[in-house]
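Below you'll find the structure, written out as structure tokens, and then a few comments.
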Amino acid sequence: MGFYSDEKTALQYIEMARGYDGRALIEVLKAHLPPGSSVLEIGMGPGVDLQLLSEHFRVTGSDNSPFFLDRYLKNHPEADLLHLDAVELATERRFDCIYSNKVLHHLTEDELLKSLRRQKVVLSDNGLVMHSFWLGTGVDEHHGLKFVYQTERSLRTLFGKVFNEVDVVVYKEMEDDDSAYVLARFNP
């Protein structure tokens, strides 16, 4: 059982993340994606960003944690949710955009590259991805969770192996220059 699948630790995460959301990221996304576009959120957790995304887009939430999916469905029975692993993305559906907020930092470089290749398949033609990461170097482990830090350069390199348009923007989540988001698109 993973960290986010255990009710006790998932509730601890919800409490720790209280007050943080992807509102600023979603504002950027709105400038690049038409209203009503289909968006898949990878790693929706308690659904804070999913709610914000749903104000502008047709959203599908996903998580590998049954706890988060079940918890969200109790309050939003009409929600479109998928039980997905962030690497495999085992769905035949296609989306105009794939979004995650500080989720893919749990993946090793090989896993991230595999996920990006799979995302390209799940995207509609000219689809867009937007993912945020913690900036830094190295790998940490907290409570059994792996955190793989990225640099602007490593993000450009990894995303550039799959997508032909890559923009990396550094921003502040908690401290100056502690985070970056990637906007990437593949134009055939």
Side-chain angles (χ1 to χ4, degrees), residues 2-4 17 20-22 24-33 37-45 49-50 53 60-65 82 84-142 144-188:
F3 181 88
Y4 297 112
Y20 293 96
D21 61 40
L25 298 173
I26 294 165
E27 285 301 314
V28 172
L29 187 60
K30 286 168 41 182
H32 296 273
L33 195 64
S37 296
S38 61
V39 177
L40 171 66
E41 181 180 4
I42 298 174
M44 63 176 263
D49 284 10
L50 188 67
L53 287 163
T60 300
S62 75
D63 209 290
N64 201 29
S65 166
L82 298 172
L84 293 178
D85 172 88
V87 176
E88 301 296 328
L89 294 175
T91 182
E92 297 301 317
R93 293 175 58 185
R94 301 207 36 187
F95 300 91
D96 300 319
C97 178
I98 300 175
Y99 168 92
S100 74
N101 186 1
K102 302 286 178 41
V103 171
L104 300 181
H105 64 252
H106 293 303
L107 305 180
T108 65
E109 188 174 306
D110 288 342
E111 290 169 333
L112 178 55
L113 192 53
K114 185 174 182 180
S115 175
L116 294 175
R117 288 183 175 132
R118 182 66 187 136
Q119 289 177 48
K120 182 178 165 187
V121 172
V122 175
L123 281 172
S124 57
D125 290 343
N126 298 313
L128 180 71
V129 297
M130 182 179 204
H131 301 295
S132 68
F133 296 85
W134 292 112
L135 282 180
T137 58
V139 178
D140 283 335
E141 189 171 314
H142 301 284
L145 283 174
K146 173 180 38 193
F147 291 82
V148 180
Y149 295 92
Q150 300 289 343
T151 64
E152 290 177 73
R153 184 177 182 180
S154 67
L155 289 170
R156 283 188 196 287
T157 300
L158 285 164
F159 279 78
K161 291 180 179 182
V162 179
F163 300 96
N164 56 12
E165 289 182 28
V166 177
D167 191 18
V168 178
V169 177
V170 174
Y171 69 99
K172 173 185 178 175
E173 179 142 339
M174 297 177 178
E175 299 175 8
D176 287 343
D177 301 337
D178 66 350
S179 301
Y181 66 80
V182 180
L183 279 169
R185 187 183 308 268
F186 180 79
N187 291 315

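Residues take their numbers from the sequence shown, with the count starting at 1. Keep in mind that the numbers below use all heavy atoms, side chains included, and drop hydrogens, waters and symmetry copies.
- Looking at heavy atoms from C-beta onward, K161 lies out of side-chain contact with L116 at the 4.5 angstrom threshold.
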Between side-chain atoms of residues 127-139 and protein atoms elsewhere (two or more places apart, or another chain), which donor-acceptor pairs fall under 3.5 Å?
unit_1, atom_1, unit_2, atom_2, d
H131, ND1, S100, N, 3.4
H131, ND1, S100, OG, 2.6
H131, NE2, Q119, OE1, 2.6
S132, OG, N101, OD1, 2.7
S132, OG, K102, N, 2.8

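- Of all the heavy atoms in F159 and A184, the pair that sits closest is CD2-CB, 3.9 Å.
- I42 places a side-chain heavy atom less than 4.5 Å from the side chain of L89.
- Residues L123 and F163 meet the side-chain proximity criterion, which asks for heavy atoms closer than 4.5 Å.
- A distance of 10.5 Å separates CG of D140 from NE2 of H105, quoted to the nearest 0.5 Å.
- Here the side chain of D85 pairs no donor or acceptor atom with the backbone of N64 at under 3.5 angstrom.
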Practice prompt. Could you go through the side chain to side chain contact (heavy atoms under 4.5 Å, CB included) check for V168 and R153 one step at a time?
Written response: CA-CA 9 Å; V168 178; R153 184 177 182 180; over 6 Å; no
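- Electrostatic pairing of E111 and K114 does not count as a salt bridge here, judged by no charged N lying under 4.0 Å from a carboxylate O.
- Scanning all heavy atoms of the two residues, the minimum distance from S115 to A86 falls at OG-O, 2.7 Å.
- More than 12 heavy-atom neighbours from other residues, nucleotides or ligands sit within 6.0 angstrom of CD on E165.
- Residue R185 comes nearest to N126 through the heavy atom pair NH1-O, 2.5 Å, listed as atom of the first residue, atom of the second, then distance.
- Atom-to-atom distance recorded for C97:SG and L53:CG is 8.0 Å, nearest 0.5 angstrom.
- Distance CG/L25 to NZ/K30: 12.5 Å, rounded to 0.5 Å.
- Once rounded to the nearest 0.5 Å, the distance linking CG of D125 with CZ of R94 reads 5.5 Å.
- No side-chain heavy atom of L107 sits under 4.5 Å from any side-chain heavy atom of V148.
- At least one donor-acceptor pair under 3.5 Å links the side chain of D49 to the backbone N or O of G22.
- The heavy-atom pair separating F95 from V39 by the smallest distance is CD2-C, 4.1 Å.
- Looking at H106, its side chain never comes within 3.5 Å of a backbone N or O of F147 through a donor-acceptor pair.
- To the nearest 0.5 Å, the span separating OG on S179 from NZ on K172 amounts to 11.0 Å.
- Looking at heavy atoms from C-beta onward, R93 lies out of side-chain contact with L40 at the 4.5 angstrom threshold.
- Remark: E175 CD is loosely packed, at most 12 non-hydrogen atoms of other residues, nucleotides or ligands lying under 6.0 Å away.
- Between the CD atom in E41 and the CG atom in L84 there is a gap of 12.0 Å [rounded to 0.5 Å].
- Proximity of L158 to V182: side-chain heavy atoms (C-beta onward) are nowhere separated by under 4.5 Å.
- Annotation: side chain of F186 is not in contact with side chain of V162 (no heavy-atom distance under 4.5 Å).
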